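Predicted model, so just to flag it, every value in this text is computed and none were measured.
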Amino acid sequence: MSNTLYNIKDIVAENERRRAAAEAADVYDPLKGIGCWGDRVEVAGSLVPRAVVDRHPEYATLDRVEQERCRIVEDFEYWCARCVTIKDKMSGRNVALIPNVPQRRLLALMEEQRTARQPVRVIMLKARQWGGSTLVQMYMAWMQLVRHKGWNSLICGHMHVTSKSIKRMYNLLLKYYPRELLDDPDEALRFTKLEGQPNVQQLAARDCLVLTSTARSEDTVRGYDLSMAHLSEVAFWKTSDMHSPDDLVRSVSGSIAMKPDTVVVLESTANGVGDYFHDEWVRTQMGRSDKEALFVPWYEIGIYRQDVDDAQALWDAMDDYERKLWQDGLTLEQINWYHHKRREYSKQSMMMAEYPSNALEAFVASGSNPFAPEHLDELEKGCDEEPIMTGDITGAGPGGDLALKDVRLVKASNGLLRVWELPETSTPVAVKYLVVVDVGGRSPGSDYSVIAVWRKRDNVRKAAIVAQWRGHIDHDQLAWKSAQLATLYNRAVLAIESNTLTNEESRAGESNFILHRLDKVYKRLYRRESGQLGFHTNVKTKKEAVTALIEALREGRYVERDREAVNEMRTYECNRGVYAAKQGKHDDILMTRAIGLLLLDDNGPYRPAAQPSASLIGDSWMPRQRGVMRPAGRHPGQW
């Protein structure tokens, strides 16, 4: 814990300032329009959306009921306070829905899309107990009861109980809905079951359907014209041979038109990394999705506060993490709640998963990931650098001697080769490189092949990834492409992982032919201690390689450039001592990092060996002690 000097009186004064600022910012009255979202104008003492006045210039002269009828079409927050009844979780009483701060953040995200005449598409990462699902369901009900007729919706959860609890919210809304604000006050506003469809409720007064389903009932959505979907607890949807979250979401999205006032919301608490929900969250964060992302940290939820009796005692008891919360602007009351709540959990990671302060904490894995999240966060900082070139590498011919002549880079916007650093050849002693190849399959659905180019550590710089090719290609073409890159990068040592070459479709003969043919032309292939060509990944060497990667991450020993490498590390697992990618994920990039770090010298600057064939410039490398590799003919002290 930090020993930075402080004055408790100053801290208490700052805490009071923060509390006062929060209270002033939270002045909110949706009936009067105070603190509500959007552009508003004052009419008879209330702030109403400008769209209401633009659409109804006579609004100020209308009677109260007609004003309300006009206003609720454009003012969701007013509609909630005036028309919606929910059951309060704390008291158990029926109360009007007054959106809280996190709910208003979610509403703002949806209303920004709606008022721009865009489809509403949101992915929401939830913490506990702030009413996100309630707000989404009421927003969809607003569309059906006020804005549109024939606007069918789907409620889909990972279990039937999830869908049923959401449907109970809707029933409570209908029971207490003010009749005078209906199109026909005399018409019954209730659900009736659609004949032969137990999971389909019909709201005849609005000519719309509400479907309820689970993630295992993909067929429920077929044959219906949907306009909205609320997909709940998506991170807990199971993947099997018959069903996958990806397939279901695609089926639902495909049945909803991309037009204004349509709604698709994916929401869930986190369930580790590597599942569909996490992947979609990451895709959204990178700007590659049709959705807008929302995360609500625990401290934005109003119930997570606890009065402070002794500020001095609390401050003295706070650890570095809690001091960081103070530095981030939280009040002592918020930190006091967190300080006491975390005692219920044996590990800080468990507290982070239940009450996350940021999205990354929410996705903390269940403990099977061998890499520390904070090490991966630090590694990912190097991934903001854009490549200086995207394209491919070519030579005078497709293979043989010609492949390694006139080697050059070719720019292409859709190329599979990315280059962050060109080879350095002008220094007195040329910079040393290592090329590592993880061999994948040939077909588009198989594992990727990856060629990673490493720049070796020197006196000034860490080891770094300087170029990478990733794609699907025939294995002989892959071998020549990797040799071309090795040639370009100062005739680097070329380490080709030989397992896939040997094992895929039992083509051991083809493997030997490819490697030995390459060895005749390129004399800097990595050899194992047995003299065989290529790096052989087995239980022992894989453990050694992953251990080298773990150590390098902990000590910050290399610079990563590809964010996908970090993503693979986040979805890597160690179960019963066995390392592997999570089901449905890849580890091809990761293995080029692990093998590369195992082979690279990281103990000091490179010094040429007496015999070229026994050095990094030479023909082969041999293993050194404790699972780290060194060139043959060297003493450990020379490395």
Subject >> Exercise: identify the closest heavy-atom pair between Leu97 and Met138 >> reply: CD2-CG, 3.7 Å

**OP:** Determine yes or no for a side-chain-to-main-chain donor-acceptor pair under 3.5 angstrom, with Glu560 supplying the side chain and Asp562 the backbone.
**Re:** yes

Subject >> Salt-bridge criterion met for Lys341 and Glu354 (N-O under 4.0 Å) >> reply: no

Subject >> Expected output: side-chain Arg283 to main-chain Arg288 donor-acceptor under 3.5 Å >> reply: yes

Original post:
Taking C-beta and beyond as the side chain, do Leu211 and Ser153 meet within less than 4.5 Å on heavy atoms?
Top reply: no

Subject >> Nearest non-hydrogen partners of His472 and Gly441, listed with the distance >> reply: CD2-O, 3.6 Å

**OP:** Drop me the distance from Met389's CE to Trp420's CH2, to the nearest 0.5 angstrom.
**Re:** 10.5 Å

Original post:
Passes side-chain contact (heavy atoms from CB on, under 4.5 Å), Leu203 versus Leu145? Steps please.
Top reply: CA-CA 9 Å; Leu203 194 60; Leu145 296 176; 3.5 Å; yes

Original post:
Considering only heavy atoms from C-beta outward, does the side chain of Leu325 approach that of Gln334 to under 4.5 Å?
Top reply: no

**OP:** Provide the full list of ring-ring contact (aromatic ring centres under 6.0 Å, His included) pairs with a residue in residues 118-140, sequence neighbours left out, each pair given once.
**Re:** Phe76-Tyr139, Tyr139-Trp142

**OP:** Could you give me the CA-CA distance, side-chain angles and deciding distance for Val136 and Leu106, then say whether side-chain contact (heavy atoms from CB on, under 4.5 Å) is met?
**Re:** CA-CA 8 Å; Val136 171; Leu106 171 59; 3.8 Å; yes

Subject >> Residues which pass side chain to side chain contact (heavy atoms under 4.5 Å, CB included) with Asn414, listed by chain and number, not counting sequence neighbours >> reply: Ala412

Original post:
Quick one: does Thr571's side chain have a donor or acceptor within less than 3.5 Å of a partner on Asn567's backbone?
Top reply: yes

Original post:
Can Cys70 and Leu62 be said to form a side-chain contact (heavy atoms from CB on, under 4.5 Å), step by step?
Top reply: CA-CA 10 Å; Cys70 294; Leu62 298 175; 3.8 Å; yes

Original post:
Less than 4.5 Å apart, any side-chain heavy atom of Gln137 and any of Ile155?
Top reply: yes

Original post:
How many angstroms lie between CG in Leu226 and OG in Ser255, if you round to the nearest 0.5 Å?
Top reply: 4.0 Å

**OP:** To the nearest 0.5 angstrom, please state how far the CH2 atom of Trp281 sits from the CE atom of Met124.
**Re:** 10.0 Å

Subject >> Nearest-0.5 Å distance, CD1 of residue Ile86 to CG of residue Asn94 >> reply: 9.0 Å

**OP:** Locate the shortest heavy-atom distance separating Val263 from Ile256; write the atom from each residue and the value.
**Re:** O-CD1, 4.2 Å

**OP:** Run the salt-bridge test on Arg71 and Glu66 with the 4.0 Å N-O cut-off and return the result as yes or no.
**Re:** no

Original post:
What residue pairs, at least two apart or across chains, pass ring-ring contact (aromatic ring centres under 6.0 Å, His included) with a residue in residues 261-280?
Top reply: His278-Phe363

Original post:
Do side-chain atoms of Ser268 reach the backbone of Ala270 as a donor and acceptor pair under 3.5 angstrom?
Top reply: no

Original post:
Do Val53 and Val48 have side-chain heavy atoms sitting under 4.5 Å apart?
Top reply: yes

Original post:
Taking NZ, NE, NH1 and NH2 as the nitrogens, is one of them in Arg470 or Glu568 under 4.0 Å from a carboxylate oxygen of the other?
Top reply: yes

Original post:
Do any N or O atoms from the side chain of Arg418 and from the backbone of Gln468 form a donor-acceptor pair under 3.5 angstrom?
Top reply: no

Original post:
Would you find more than 12 non-hydrogen atoms of other residues, nucleotides or ligands less than 6.0 Å from Arg190 atom CZ?
Top reply: no

**OP:** Look at Glu233 together with Lys126 and state whether they make a salt bridge at an N to O cut-off of under 4.0 Å.
**Re:** yes

Original post:
Under 4.5 Å between any side-chain heavy atoms of Val120 and Met228, yes or no?
Top reply: no

Subject >> Stepwise side-chain contact (heavy atoms from CB on, under 4.5 Å) check, Gln67 with Val52 >> reply: CA-CA 9 Å; Gln67 282 188 341; Val52 175; over 6 Å; no

Original post:
If you round to the nearest 0.5 Å, how far is CE of Met143 from CH2 of Trp151?
Top reply: 8.0 Å

Subject >> Short N-O contact, Arg104 and Asp26, less than 4.0 angstrom >> reply: yes

**OP:** Using atom types as modelled and distance alone, determine if a side-chain donor or acceptor of Ser449 lies under 3.5 Å from a backbone N or O of Gly440.
**Re:** yes

Subject >> Tyr304 and Tyr355 aromatic centres sub-6.0 Å >> reply: yes

Show me, pair by pair, the donor-acceptor contacts under 3.5 angstrom made by side chains of residues 291-303, not counting sequence neighbours?
from   : atom 1 : to     : atom 2 : distance (Å)
Lys291 : NZ     : Glu280 : OE2    : 3.0
Trp298 : NE1    : Ser357 : OG     : 2.9
Glu300 : OE1    : Arg105 : NH1    : 2.8
Glu300 : OE2    : Arg105 : NH1    : 3.2

Original post:
Can you name the nearest heavy-atom pair linking Thr214 to Leu248, along with the distance?
Top reply: O-CD2, 4.4 Å

Original post:
Between Asp384 and Arg563, does at least one N-O distance fall below 4.0 Å, as a salt bridge requires?
Top reply: yes

**OP:** Mind running salt bridge (Lys or Arg N to Asp or Glu O under 4.0 Å) on Asp587 and Arg593 for me, showing each step along the way?
**Re:** CA-CA 10 Å; Asp587 63 357; Arg593 283 23 174 196; over 6 Å; no

Original post:
Taking the side chain from Asn271 and the backbone from Ala235, do they hold a donor-acceptor pair closer than 3.5 Å?
Top reply: yes

Original post:
Do Trp79 side-chain atoms and Glu74 backbone N/O form a donor-acceptor pair below 3.5 Å?
Top reply: no

Subject >> Qualifying residues under ring pair (Phe, Tyr, Trp, His ring centres under 6.0 Å), relative to His586, sequence neighbours excluded >> reply: Tyr448

Subject >> Atom CD of Glu180 with >12 non-hydrogen neighbours under 6.0 angstrom >> reply: yes

**OP:** Would you check if the side chain of Glu77 reaches a backbone N or O of Trp37 as a donor-acceptor pair within less than 3.5 Å?
**Re:** yes

Original post:
Do the non-hydrogen side-chain atoms of Val249 and Trp237 ever get within less than 4.5 Å of each other?
Top reply: yes

**OP:** For the residue pair Val265 and Leu231, establish whether any side-chain heavy-atom pair is separated by less than 4.5 Å.
**Re:** no

Subject >> Smallest separation among heavy atoms of Ile465 and Arg561, with atom names >> reply: O-NH1, 2.6 Å

Subject >> Pairs meeting criterion side chain to side chain donor-acceptor pair (under 3.5 Å) with involvement of residues 201-211, two or more places apart >> reply: Asp183-Arg206

Original post:
Would Arg121 and Thr262 count as a side-chain hydrogen bond (donor to acceptor under 3.5 Å, both in side chains) if you check the C-alpha gap in whole Å, the side-chain angles of each, and the deciding distance to 0.1 Å?
Top reply: CA-CA 8 Å; Arg121 301 292 186 267; Thr262 60; 3.2 Å; yes

Original post:
Which value, rounded to the nearest 0.5 Å, describes the distance between Leu590 atom CG and Glu564 atom CD?
Top reply: 11.0 Å

Original post:
Minimum heavy-atom separation for Ala362 to Pro356, with atom names?
Top reply: N-CB, 3.5 Å

Original post:
Under 3.5 Å, is there a donor-acceptor pair between the side chain of Asn152 and the main chain of Leu209?
Top reply: yes

Subject >> Close side-chain approach of Asp377 and Arg570, heavy atoms under 4.5 Å >> reply: yes

